2 protein chains.
Amino acid sequence: MNPNARPAQEAASAPAHDRVYRALRTRIMHGEVTPGAALTLRGIGGEFGVSMTPAREAVRRLAAEGALFLSSSGRVTTPELTNERIEELAALRALLEVELASRALPRAHMALIDRLQTINSNVAEMVSKRDAVGYIRTNLEFHRALYLRAQAPAMLAMAETVWLQLGPTMRALYGRLRRTDPPQNHRLIIAALKAGDEPGLRLAVRSDVTQGLRLLAG
Amino acid sequence: MNPNARPAQEAASAPAHDRVYRALRTRIMHGEVTPGAALTLRGIGGEFGVSMTPAREAVRRLAAEGALFLSSSGRVTTPELTNERIEELAALRALLEVELASRALPRAHMALIDRLQTINSNVAEMVSKRDAVGYIRTNLEFHRALYLRAQAPAMLAMAETVWLQLGPTMRALYGRLRRTDPPQNHRLIIAALKAGDEPGLRLAVRSDVTQGLRLLAG
DNA sequence: CGGCGTGATTTGTGATCACATGAGCGGATG
DNA sequence: CATCCGCTCATGTGATCACAAATCACGCCG
């Protein structure tokens with residue numbers, strides 16, 4: 001028996017530090033925390049019913065990924081990104097995700113495109129409901145579903161790290177963004193996938209990734 | 001007074017977990033450990049004169065960066081990369097470092113080029129001495145000196161993460177590589193910098209980054 | 001009324017310990 | 001002689017504690 005095989009309830013039996021890590025990670029990536037929010041090890045431990053030790057490990061891990069900021073005295077906050085930093089992370093997203101999409105293209109069959117369309121309708125629903133967290137979550141789900149086909153785990157992990165770093169800021173950004181129109185770039189991505197049009201796909205992904213961050217220039 | 005200001009002896013007064021982290025990090029990045037080597041928390045603690053707690057934090061942090069592999073039971077080893085993984089990491093290096101070099105180009109003045117030439121002569125010396133660790137160290141120093149000019153800290157951090165993941169494998173790779181000729185691609189990089197030739201620079205960086213990893217295809 | 005020093009308290013750090021578990025080794029068995 | 005089973009010990013996990021340092025608030029002085 002492979003001890004890694006945990007058919008269901010994967011998270012239940014996992015080590016405490018891992019449960020805490022995962023919970024905090026999705027919370028941050030989905031933009032459920034505001035930039036600059038302070039965390040304490042005892043507070044985290046209390047929330048999850050564990051001691052400081054696993055809380056510390058989870059925090060360290062997240063800090064190593066850039067998802068949390070550790071002051072010189074060890075205080076923990078979610079990062080407050082400068083505009084420069086945001087632009088750099090957007091450039092990274094473009095770089096990585098264009099490559100991932102390009103690698104996924106030859107492997108993208110009809111089943112994937114159907115799935116992307118389903119997810120995309122959920123995205124549109126979140127936009128119409130002005131649900132920022134739901135929008136971020138489904139939007140990332142869309143991108144991840146596509147990039148999984150690229151068969152490039154290290155590259156995907158890096159892209160997710162960038163998402164993680166942008167998480168708290170994204171929430172604040174999309175909060176002031178008053179769109180209710182459905183995501184046009186996602187449709188362009190799907191169309192390019194259908195047509196097997198690689199240049200078009202690269203352009204569409206690049207636009208989709210950088211558009212949301214463009215408004216901060218003002 | 002800024003408490004962050006530690007003019008000299010920065011590492012001495014730093015927290016224990018940070019000292020351990022940094023020591024292990026450079027050890028791994030410079031290829032001073034072989035792939036698949038096992039580490040124990042008590043062993044690390046003993047080596048650095050600290051308890052298991054800081055050792056655990058350092059290990060967790062390195063594992064989060066992909067520099068160490070944690071088995072499902074928590075055992076710690078340096079990663080043994082598959083050829084697929086190595087190729088993917090090489091592609092990531094190409095992607096990131098070409099961009100970094102490109103961004104550094106307009107900011108590259110004569111002082112930088114002189115410095116690169118100095119470092120490059122050290123690289124050549126390491127090659128002639130067949131000093132694998134010294135070669136890796138000076139080679140990374142060359143690349144970092146260039147990329148620092150790009151003013152893109154997040155991107156540089158990602159590139160360093162890739163170096164870290166490749167560290168143990170690089171040692172094994174360059175060990176079986178019996179070259180004694182000086183690094184030709186570095187000269188091309190310097191020449192392109194002097195000429196302000198961006199396409200040439202991108203090509204030279206891409207070649208330099210991918211050439212060493214090409215021999216594993218056989 | 002405002003700036004600043006001082007003390008109380010919150011907070012991270014690191015050591016130690018008890019516990020569960022998994023790895024590795026040795027021996028028994030076919 | 002190979003294989004499988006069992007045990008033992010090494011190893012990671014998580015809780016608790018003592019300590020130091022930083023933060024915050026209060027009150028004092030200008």
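It should be emphasised that the depicted structure is a prediction, and the values quoted were computed from it without experimental measurement. So you know, we letter chains A, B, ... as the sequences are listed, proteins then strands, and number each from 1. Computed over heavy atoms, backbone and side chain alike; hydrogens, waters and symmetry mates excluded.
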J.: In whole angstrom, give the distance that lies between atom CZ of A:R42 and atom C1' of D:dA18.
T.: 11 Å
J.: Return the residues of residues 53-66 of chain A meeting this criterion: a heavy atom under 4.0 Å from some atom of DNA chain C. Order them by number, or give none.
T.: A:R56, A:R60
J.: List the atom of B:R22, the atom of B:A14, and the distance in Å for their closest heavy-atom pair.
T.: NH2-CB, 3.8 Å
J.: Less than 4.0 angstrom from a charged side-chain N to a carboxylate O is my criterion; do B:E99 and B:R103 meet it?
T.: yes
J.: Looking only at the side chain of B:L41 (C-beta and beyond, no hydrogens), which of the listed nucleotides D:dG14, D:dG12, C:dT13 gets closest?
T.: D:dG12
J.: Rounded to whole angstrom units, what separation is found between the CG atom of A:L68 and the C1' atom of C:dG12?
T.: 15 Å
J.: May I have all residue pairs that pass side chain to side chain donor-acceptor pair (under 3.5 Å) and include part of residues 27-38 of chain A, sequence neighbours excluded?
T.: A:R27-A:E47
J.: Checking all strands, does A:L70 fall into the base, sugar-phosphate, or nothing category for heavy-atom contacts under 4.0 angstrom?
T.: nothing
J.: Find every protein N or O atom lying less than 3.5 Å from an N or O atom of nucleotides 7-10 of chain D, and list the pairs.
T.:
none

J.: May I ask you to check whether A:Y147 and A:H143 place their ring centers less than 6.0 Å from one another?
T.: yes
J.: If the condition is ring-ring contact (aromatic ring centres under 6.0 Å, His included), which residues does B:F142 pass it with, not counting sequence neighbours?
T.: B:H186
J.: Identify, residue by residue, the members of residues 44-52 of chain B with a heavy atom below 4.0 Å from DNA chain C, and return them in order of residue number, or none.
T.: B:V50, B:S51
J.: Would you confirm whether A:T78, through its side chain, and A:L68, through its main-chain N or O, come within 3.5 Å as a donor-acceptor pair?
T.: no
J.: For residues 152-160 of chain B, tabulate all N or O donor-acceptor pairs below 3.5 Å that involve a side-chain atom, not counting sequence neighbours.
T.:
{"residue": "B:E160", "atom": "OE1", "partner": "B:R144", "partner atom": "NH1", "Å": "3.3"}
{"residue": "B:E160", "atom": "OE2", "partner": "B:R144", "partner atom": "NH1", "Å": "2.7"}

J.: With a 3.5 Å distance limit and no angle check, can you tell me whether B:S102 reaches the backbone of B:V98 through a side-chain donor-acceptor pair?
T.: no
J.: Is any side-chain heavy atom of B:L39 less than 4.5 Å from a side-chain heavy atom of B:T77?
T.: no
J.: Using a 3.5 Å distance criterion without hydrogens, assess whether the side chain of A:T161 forms a donor-acceptor pair with backbone atoms of A:E65.
T.: no
J.: Looking only at the side chain of B:V76 (C-beta and beyond, no hydrogens), which of the listed nucleotides C:dT11, C:dG22, D:dG12 gets closest?
T.: D:dG12
J.: Of A:S71 and A:A16, whose nearest nucleotide on DNA chain D comes first from the 5' end?
T.: A:A16
J.: I'd like to know if B:D18 and B:R25 make a salt bridge, using a cut-off of under 4.0 Å between side-chain N and carboxylate O.
T.: no
